[in-house]
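A quick write-up on the structure given underneath.
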2 protein chains.
Amino acid sequence: MNLSEAKQEFISSWGAFGSQWGINRTMAQIHALLLISPEPLTQDDIMESLAVSRGNVNMNIRELISWNLVERRTLPGERKDYFTAEKDIWKVATLIVKERKKRELEPMLKLLDQLSQVDADKREKDVKAFTDMVGQIRKMGGQADKMLDLMVKAEANWLTGSLMKLMR
Amino acid sequence: MNLSEAKQEFISSWGAFGSQWGINRTMAQIHALLLISPEPLTQDDIMESLAVSRGNVNMNIRELISWNLVERRTLPGERKDYFTAEKDIWKVATLIVKERKKRELEPMLKLLDQLSQVDADKREKDVKAFTDMVGQIRKMGGQADKMLDLMVKAEANWLTGSLMKLMR
DNA sequence: CAGAAATTTCAAAAATAATTGAAAATAAAT
DNA sequence: ATTTATTTTCAATTATTTTTGAAATTTCTG
C-alpha cells in the first residue's frame with residue numbers, strides 16, 4: 001500500500017469509527033487529516049482533501065477547537081488561518097476524556113443523585129428495584145469519574161506503567 | 001419526585017445518554033426499562049411503556065440479546081416470551097466492554113497493523129508523520145485492549161480495589 | 001392438522017442529523 | 001474609505017437512521 005492509499009484508508013476508517021461513538025463523521029475525518037499532517041492546514045486544504053463544503057469544514061473545525069483537539073494558528077504574513085492538531089496521542093485521549101466527563105458523565109451523576117431521592121416506600125418491589133439500580137449506577141459512575149480524573153492527571157505511561165504490572 | 005416520574009426521567013435520560021454514544025435511543029430505553037423492572041416483561045409491556053411499535057421493540061430486543069444484556073425467558077404455561085436484563089451493573093459494564101472490544105477495537109487494531117506496513121521512504125516528512133501517528137495509536141490501542149481484557153476478567157471491585165489505592 | 005397466538009421481517013414513511021452554498025459579517029490591504 | 005480576502009452563519013437541501021405497520025413466518029394448542 002502506498003502513502004496516499006494508506007492516508008485515505010486511515011481517514012475514512014477514523015471517520016467510520018467516530019460515527020460508531022456518536023462523533024460526526026466529518027469532524028472525525030478532519031481530525032484524522034490534521035493528525036497525520038506535518039504542517040498546519042487551511043480550511044481550503046481541508047475542503048479539497050476531504051471534498052466537503054466550506055461551511056462544513058468551518059463548523060467542525062470550531063467544534064474540534066472547543067474540544068481543545070485543534071488549534072487555530074495565524075502565520076505571520078499570511079492572510080489565511082491555519083489549523084493543527086495535538087499530535088501526542090496520550091494528550092488527545094486525556095482531552096477527549098476530560099470533555100466527555102464534563103459534558104456527559106458529570107451531568108449524569110447529578111441526575112442520578114436526584115433520582116435516588118425518589119419519595120416512595122422502599123418496601124415496594126418496584127421502588128426497591130429502581131433505587132437499587134440507580135444506586136448501583138451512581139456508585140459505578142462515581143468510581144469511573146474518580147478513575148478518569150486520575151487518568152487525566154497521570155502521565156503518558158499510565159497504561160504501561162505500574163497499573164499494568166499490578167494487574168498482571 | 002414520585003416513582004413513575006423518576007422512572008420516566010431515568011428511561012428518557014438513559015436513552016439520550018445512549019444516543020450520544022452511538023446507541024439507538026429505543027434500544028437504550030428498553031434496556032433502562034428492563035433494568036428497573038423487578039419482573040420480566042413481554043414485548044407488549046414494553047410497547048405500552050415506551051409507546052413504540054412492535055417491530056421496533058422486537059428488533060431492539062434482539063440486538064440487546066446479541067449483546068448478552070437481555071435474556072429471553074419462557075415462563076411455564078405462558079404463551080408469550082418474557083425478557084429480563086442482567087441487573088448487576090458491573091456485569092453489564094463488562095458485557096458492553098467485551099462486545100465493543102470485539103466489534104470495534106480489535107478490527108481497528110488489525111487495520112492499524114496493515115497501515116503501519118505502508119511502503120514509502122520514511123525520511124519523507126509526510127511518511128514519518130503518518131507512520132508515527134499510526135504507531136502511536138496502535139500502541140495505545142494495544143494497551144487499552146490488554147487493560148480491558150483485565151477488566152473483563154477482574155471482579156466487581158476492580159475499580160474500588162487495589163487499582164484505586166495504587167493510583168492515589 | 002387446523003386455527004389461534006405470537007414473533008419476525010422488511011419496504012415504506014417519518015424523524016433526525018449532516019451538509020451545502022450563498023449571503024452576511026469580519027478582518028486586512030491599499 | 002473602499003476594495004478584497006477570509007470567515008462565519010444558517011435556511012434549505014440531502015443523506016442517514018430509526019420507526020412503523022402489515023404481511024409472512026413460526027410456534028403453540030386443542
Side-chain angles (χ1 to χ4, degrees), chain A residues 11-34 40-67 69-84 103-104, chain B residues 11-34 39-67 70-84 103-104:
Chain A
I11 290 167
S12 142
S13 301
W14 204 247
F17 192 71
S19 290
Q20 292 186 296
W21 287 82
I23 288 146
N24 178 298
R25 243 170 66 90
T26 303
M27 177 171 151
Q29 290 188 346
I30 292 174
H31 189 216
L33 175 63
L34 289 173
L41 302 179
T42 63
Q43 293 196 166
D44 291 272
D45 293 336
I46 297 168
M47 285 168 66
E48 198 190 327
S49 284
L50 305 180
V52 293
S53 73
R54 182 175 304 287
N56 197 358
V57 169
N58 189 275
M59 286 182 130
N60 283 114
I61 277 272
R62 307 181 123 260
E63 186 65 11
L64 284 164
I65 290 171
S66 87
W67 284 71
L69 293 169
V70 165
E71 200 183 287
R72 183 188 304 267
R73 177 172 300 187
T74 38
L75 301 189
E78 287 272 7
R79 194 78 176 264
K80 288 181 178 175
D81 288 349
Y82 282 76
F83 301 92
T84 34
R103 296 179 187 202
E104 295 162 26
Chain B
I11 290 168
S12 141
S13 300
W14 204 249
F17 190 71
S19 290
Q20 291 186 298
W21 287 82
I23 289 147
N24 178 296
R25 245 172 75 85
T26 302
M27 176 170 151
Q29 289 188 347
I30 293 173
H31 190 214
L33 174 63
L34 290 173
E39 305 295 343
L41 301 180
T42 63
Q43 291 195 167
D44 291 272
D45 294 335
I46 297 168
M47 283 169 66
E48 200 190 324
S49 284
L50 305 181
V52 294
S53 72
R54 183 176 304 286
N56 198 357
V57 168
N58 189 274
M59 284 180 129
N60 284 114
I61 278 271
R62 308 181 124 258
E63 186 65 11
L64 284 164
I65 290 172
S66 87
W67 284 70
V70 166
E71 199 184 286
R72 183 187 304 265
R73 177 172 301 187
T74 39
L75 300 188
E78 287 273 7
R79 195 76 178 267
K80 289 181 176 174
D81 287 350
Y82 282 76
F83 301 92
T84 32
R103 297 180 186 201
E104 295 161 27

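Reminder, nothing fancy here: chain letters follow the sequence lines and each chain counts from 1.
What you find for A:Phe83 and A:Val70 is that their closest heavy atoms are CB-CG1, 4.1 Å.
Under the 4.0 Å criterion applied to side-chain N and carboxylate O atoms, A:Asp44 and A:Lys80 are assigned as salt-bridge partners.
Toward the 5' end of DNA chain C, the nearer of the two residues A:Glu78 and A:Val57, judged by each one's closest nucleotide, is A:Val57. When each of A:Arg25 and A:Asp44 is assigned the nucleotide of DNA chain D bearing its nearest heavy atom, the one mapping closer to the 5' terminus is A:Asp44.
Mapping heavy-atom proximity under 4.0 Å, the span of DNA chain D touched by chain A runs 5' to 3' from D:dT4 to D:dC10.
Atom CE of A:Met59 and atom P of C:dA17 are 15 Å apart (whole Å). Computed from coordinates, the A:Asp81 CG to C:dT26 C1' distance equals 11 Å when rounded to whole Å. Atoms CD (B:Gln20) and C1' (C:dT16) sit 15 Å apart, rounded to a whole Å. The CD1-P distance, from B:Ile46 to C:dT8, rounds to 12 Å in whole Å. When the P atom of C:dA5 is taken as reference, atom CG of B:Asn58 falls 19 Å away, rounded to whole Å. Summarising the geometry, the separation between CD on A:Gln29 and P on C:dA18 is reported as 13 Å, rounded to the nearest angstrom. When rounded to the nearest whole Å, the span between CZ of A:Arg79 and P of C:dT26 equals 16 Å. Following rounding to the nearest Å, B:Asn56 (CG) and C:dA15 (P) show an atom-to-atom distance of 13 Å.
Taking CD of B:Gln43 as the reference point, atom CZ of B:Arg72 lies at 7.0 Å (rounded to 0.5 Å). Remark: A:Asn60 CG to A:Ile65 CD1 distance equals 11.0 Å, nearest 0.5 Å. Here A:Leu50 contributes atom CG and A:Gln29 contributes atom CD; the two are 5.5 Å apart, rounded to the nearest 0.5 Å.
Taking the side chain as every heavy atom from C-beta outward, A:Leu33 and A:Ile46 approach each other to under 4.5 Å.
As judged by a 4.0 angstrom heavy-atom cut-off over every strand, B:Thr42 is placed among residues making no nucleic acid contact.
Around atom CD of A:Glu48, no more than 12 heavy atoms belonging to other residues, nucleotides or ligands sit under 6.0 Å away.
Using a 4.0 Å cut-off, no side-chain N or O of B:Arg54 falls inside it from OP1 or OP2 of C:dC10.
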